J.: 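First the structure, then my questions, so here it is.
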Amino acid sequence: MIETQPPPNQPDIKSTTEESHSLIDTSRMSAGQRAALELTEAARETARESTFVSSLFMGRFDLAGLRPFPMQTAADREQGDAFLQKLETVLRTKVDPDEIDRTGEIPASVIEELAKLGAFGIKISPQYGGLGLSQTNYCRVAMLLGSWCGNLTALLSAHQSIGVPQPLILFGTEEQKRKYLPRVARGEISAFALTEENAGSDPATMLTHAEPTPDGKFFVLNGKKLWCTNGTRAGVIVVMAKTPPKISAGKRRDQITAFIVETDWPGVQVTHRCRFMGLKALYNGVMKFNDVRVPAENILLAEGKGLRVALTTLNTGRLTLPAACVGLAKRCLDITRPWAAERVQWGAPIGKHAAIADKLARMAANTFAMESMTLLAASMVDRDKHADVRLEAAMCKMWATEQAWTIVNDAVQIHGGRGYETAASLKARGEAPVPLERFLRDSRINTIFEGSSEIMRLFIAREALDPHLKVSAAALNSKLPTAQRLRAAAKAALFYAKWYPKLWLPALAPLKSSSVHTSRTTHHLNYAARTSRKLARALFHAMVRHGPKLERQQLLLGRFADIGSELFAIAATCLRAEALTQSGRSSADSPEPLDLADYFCQTSRLRIEEKFRELTRNSDRAGYRLAQSLLTDF
Ligand SMILES: Cc1cc2nc3c(=O)[nH]c(=O)nc-3n(C[C@H](O)[C@H](O)[C@H](O)COP(=O)(O)OP(=O)(O)OC[C@H]3O[C@@H](n4cnc5c(N)ncnc54)[C@H](O)[C@@H]3O)c2cc1C
């Protein structure tokens, strides 16, 4: 195995091998908070190596391997194009998304067509009956689906991004893969069941449990899962359940285990099909498990490793939703451009009025940015299937779902009353049946499921703080013996004495533009490099100021997460614009990539500066006090 040196400015993670969950001071937390934190901390993958994004928070802006932007290879693109063409034909000729929305059902013939194409096994290796396409091509498929029908996107995404295929590809035994992958690749629908009535964002409160039989050959599963997408149609589901606790270091540790469960086994029941504001044809249900005997060989990874399975699955699984958001945003732009050019009010096309022009420009630039971020993260997975892109994927998920919501909302606003009217009603009175009303309903869920925006900000902040926790949290942890804390403090002081002064120095070698194409992007990239050092300083100052209590400063942490995400967006956008321009791949009917990138960076820089200002000037405490007064007497 190759031993990697920690990069300069990064703490030597191997020399601080204490598990980071033991470094967080949980002594002042409630029992519930402590249990939740310990469980998720234990399930975290520890960082294998620093990535471009994790380094940003430590003041390093290292574009090695990213400039030039890793564009899809011609061979991989061709492979994807062949599938996308077939899928597009099926969507255009066989799928009526407004009818699916109206009836709340996906016709069986559509599901069959998709299965015939191989759309249920896009990333599954041909060895197990799948198409074996790359992550980038899978994201391109999600983009196409997202532009067309939210219900089909959710069906295929819940099936293969979080359902059985992805965790099985990552963690399945050869026997499990041979048994289940060909089935799900052929079109047997799968699902993922984690959420319960009292276990939403916080899985520690889960009640579903599985007890081993005396001979250890089976686990007997009991419990109820809520909002299981595809659950009402699935043949096979990944179910998360508590298994008997283990005693580790004298403490009782809750265990969560992932099981592959077949829905025709005795005791599995769908008790309710849930219906929502949008995604009317989601096959989402309440699933009940009553003394279901699950063979022990159906455990994924190992007993007690269920949360790790879930978190690692989402490491790349989380890229599907932002990709679908890219498709949705592009479609909104396609619908809105001609409308803004042709709709005349007050003597001019509405796109000539500055208030509408501003929305249109942001729609275009932010769509380009979210596509660049998603493709960059996908390229990292294609380069290394086990790449640690959890930060990149979380940023893509948080940023793209929030931007897509704004984009759909703006598209509705630009269409005025027509944006609020259903496609069927528009069609009935002879107007273009633009489905913006459906898009708005369907996309509202995106900032809630697969990790809500609030949880994503905490997740990003946790990962951003990880190198600091490894260096200094032991020194601040009041639960540890004094001698251990003193040793840790000396080590931390040594690290920070070397690291901190460098954050104030200007870059020794600022990026240079190598051609006319890069001259417009280079100053934005140099801004991002400077700002990453400023971000690292601000993060460090916040740690010194708040100590272990920083963990509770959610709004402050959220701003760090937002600044980091904007810096990632600036980098991805500039690098992709350079590469597209250099390769002459800009499209004739779109603005020039360099114009999009330049405008995006200008707006992103303004958002970043505002977030920095808010680190010191904000109304957080007053708002918190006011909110608490609203919570009394219930
Ligand atoms: C249409 C749909 C499909 C779904 N599909 C699936 C599926 O296939 N499988 C599955 O297992 N689940 C699924 N879910 C569940 C989904 O993932 C959860 O809704 C989500 O995890 C949030 O949980 P919750 O709704 O209980 O909200 P809660 O956890 O109760 O949160 C409520 C609000 O509080 C915020 N919040 C919670 N904790 C914190 C905190 N510590 N700090 C700050 N803010 C916080 C949340 O962000 C949210 O805004 C689905 C849900 C829906 C609606």
Side-chain angles (χ1 to χ4, degrees), residues 29-30 32-37 39-40 104 150-151 153-164 166-167 189-208 223-234 236-241 256 258-259 261 270 272-287 289 306-307 309-311 313-314 317-318 320-321 324 394 397-398 401-402 405 441-462 551-558 561 620 624 627 631:
M29 292 180 179
S30 69
Q33 279 176 322
R34 192 178 313 127
L37 186 96
L39 197 65
T40 37
N151 288 296
T153 312
L155 169 81
L156 292 175
S157 162
H159 168 75
Q160 50 205 323
S161 298
I162 57 172
V164 171
Q166 184 69 8
I189 296 173
S190 75
F192 171 79
L194 170 66
T195 305
E196 298 180 7
E197 274 171 27
N198 289 319
S201 307
D202 170 12
T205 48
M206 163 186 308
L207 294 177
T208 298
K224 196 163 89 173
K225 293 289 180 183
L226 181 62
W227 296 326
C228 179
T229 298
N230 292 351
T232 65
R233 287 294 185 90
V236 57
I237 328 180
V238 176
V239 181
M240 297 288 161
I256 292 183
F259 295 94
V261 175
V270 179
H272 174 72
R273 178 173 170 192
C274 306
R275 297 289 189 167
F276 302 98
M277 168 199 296
L279 299 182
K280 296 286 186 191
L282 209 61
Y283 291 110
N284 180 295
V286 175
M287 312 287 300
F289 304 97
L307 270 194
V309 170
L311 294 180
T313 297
L314 279 171
R318 254 194 203 116
T320 316
L321 206 45
K397 198 280 171 184
M398 179 189 82
T401 54
E402 291 187 351
W405 171 246
R441 283 187 285 108
D442 284 355
S443 62
R444 182 59 192 88
I445 187 62
N446 292 341
T447 57
I448 297 173
F449 62 10
E450 291 190 23
S452 68
S453 282
E454 290 79 7
I455 299 300
M456 286 297 91
R457 285 194 167 79
L458 296 180
F459 178 91
I460 293 165
R462 169 68 187 84
E551 186 259 334
R552 277 180 255 160
Q553 297 288 327
Q554 291 196 344
L555 297 183
L556 194 65
L557 291 173
D620 295 358
Y624 192 78
L631 301 180

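Computed from a prediction, not measured in an experiment: that's the story for all the values here. One-based numbering, in listed order, for ligands and for the atoms of each.
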J.: Once you restrict to heavy atoms under 4.0 Å, what part of Ile445 touches ligand 1? Side chain, backbone, both or neither.
T.: side chain
J.: Could you tell me whether a side-chain N or O of Ser443 sits under 3.5 Å from a main-chain N or O of Trp405, the two making a donor and an acceptor?
T.: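 Checked: no pair found.
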J.: Between the candidates Phe276, Phe192, Phe449, which shows the shortest non-hydrogen contact distance to atom 17 (O) of ligand 1?
T.: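 Checking each option, the heavy atom nearest atom 17 (O) of ligand 1 is found in Phe449.
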J.: Which heavy atom of the protein is the closest neighbour of atom 26 (O) of ligand 1, given with residue, atom name and distance?
T.: Gly200 CA, 3.2 Å
J.: Can you find a protein heavy atom under 4.0 Å from atom 7 (C) of ligand 1?
T.: yes
J.: What do you think, any protein heavy atom under 4.0 angstrom from atom 33 (C) of ligand 1?
T.: no
J.: Hey, is atom 30 (O) of ligand 1 under 4.0 Å from any protein heavy atom?
T.: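 No.
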J.: What residue and heavy atom of the protein are closest to atom 15 (C) of ligand 1, and at what distance?
T.: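 The protein heavy atom lying closest is Thr195 OG1, 3.2 Å.
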J.: Under 3.5 Å between any N/O of Leu282 and any N/O of ligand 1: does that happen in this structure?
T.: no
J.: For the CZ atom of Arg444 and the CE atom of Met277, what is their distance to the nearest 0.5 Å?
T.: 6.5 Å
J.: I'd like to know if the side chain of Thr313 reaches the main chain of Ile162, judged simply by a donor and an acceptor atom lying under 3.5 Å from each other, with no hydrogens or angles considered.
T.: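 No; judged by distance alone, with no hydrogens or angles, the pair does not exist.
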J.: Kindly determine whether Glu402 and Arg457 satisfy salt bridge (Lys or Arg N to Asp or Glu O under 4.0 Å), including the steps that lead there.
T.: CA-CA 12 Å; Glu402 291 187 351; Arg457 285 194 167 79; 2.9 Å; yes
J.: Protein heavy atom under 4.0 angstrom of atom 13 (C) of ligand 1, is there one?
T.: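 Yes, there is one.
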J.: Report the part of Leu458 in contact with ligand 1, treating N, CA, C, O as backbone and CB onward as side chain, heavy atoms under 4.0 Å; options are side chain, backbone, both, neither.
T.: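 The answer is the side chain of Leu458.
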J.: By number and element, which atoms of ligand 1 are closer than 4.0 Å to a non-hydrogen atom of Asn284?
T.: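 Listed by number with element: 2 (C), 3 (C), 4 (C), 5 (N).
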J.: How close does the nearest protein non-hydrogen atom get to atom 20 (C) of ligand 1, and which residue and atom is it?
T.: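 The protein heavy atom lying closest is Ile448 O, 3.9 Å.
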J.: If the cut-off is 4.0 Å to any non-hydrogen atom of Ser452, which atoms of ligand 1 fall inside it?
T.: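 That gives atoms 46 (C), 47 (O) of ligand 1.
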J.: Which heavy atom of the protein is the closest neighbour of atom 45 (C) of ligand 1, given with residue, atom name and distance?
T.: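 Heavy-atom neighbour on the protein nearest atom 45 (C) of ligand 1: Ile455 CD1, 4.2 Å.
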J.: Give me the residue, atom name and distance of the protein heavy atom closest to atom 37 (C) of ligand 1.
T.: Ser201 OG, 3.6 Å
J.: Looking only at non-hydrogen atoms, which of Met287, Glu454, Glu197, Gln554 approaches atom 40 (C) of ligand 1 most closely?
T.: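 Of the listed residues, Gln554 has the closest heavy atom.
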J.: Is there at least one protein heavy-atom neighbour under 4.0 Å from atom 23 (O) of ligand 1?
T.: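 Yes; the ligand atom in question has protein heavy-atom contact below 4.0 Å.
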J.: Can you tell me if Asp202 contacts ligand 1 (heavy atom of the residue under 4.0 Å from the ligand)?
T.: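 The answer is no: ligand 1 sits nowhere under 4.0 Å from a heavy atom of Asp202.
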J.: Is there a donor-acceptor contact under 3.5 Å from the side chain of Glu196 to the main chain of Thr208?
T.: yes
J.: Could you identify the single nearest non-hydrogen protein atom to atom 25 (O) of ligand 1 and state the distance to 0.1 Å?
T.: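 Sorting protein heavy atoms by distance from atom 25 (O) of ligand 1 puts Trp227 CZ3, 3.3 Å first.
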J.: Quiz question: by atom type and distance under 3.5 Å, do the side chains of Asn284 and Thr229 form a donor-acceptor pair?
T.: yes
J.: Counting only heavy atoms not in Lys224, do more than 12 sit closer than 6.0 Å to its NZ atom?
T.: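 Count not over threshold, so no.
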J.: Here's a test for you: under side-chain contact (heavy atoms from CB on, under 4.5 Å), which of Val238, Val164, Asn230 qualifies with Ser190?
T.: Val164
J.: Mark yes or no for whether Ser161, through its side chain, and Ala158, through its backbone, hold a donor-acceptor pair below 3.5 Å.
T.: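 Side chain of Ser161 to backbone of Ala158, a donor-acceptor pair under 3.5 Å: no, none is there.
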J.: Measure the distance from atom 5 (N) of ligand 1 to every protein heavy atom, then report the residue, atom name and distance (to 0.1 Å) of the closest one.
T.: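 The closest one turns out to be Thr229 OG1, 2.8 Å.
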J.: Checking side-chain contact (heavy atoms from CB on, under 4.5 Å) for the pair Leu156/Gln160: CA distance, chi angles, key distance, verdict?
T.: CA-CA 6 Å; Leu156 292 175; Gln160 50 205 323; 4.0 Å; yes
J.: Hey, does the side chain of Arg318 reach the backbone of Glu450 with a donor-acceptor pair shorter than 3.5 angstrom?
T.: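 Yes, Arg318 side chain to Glu450 backbone: donor-acceptor pair under 3.5 Å.
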J.: Between atom CG of Leu321 and atom CE of Met398, what is the distance when rounded to the nearest 0.5 Å?
T.: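 It is 13.5 Å, given to the nearest 0.5 Å.
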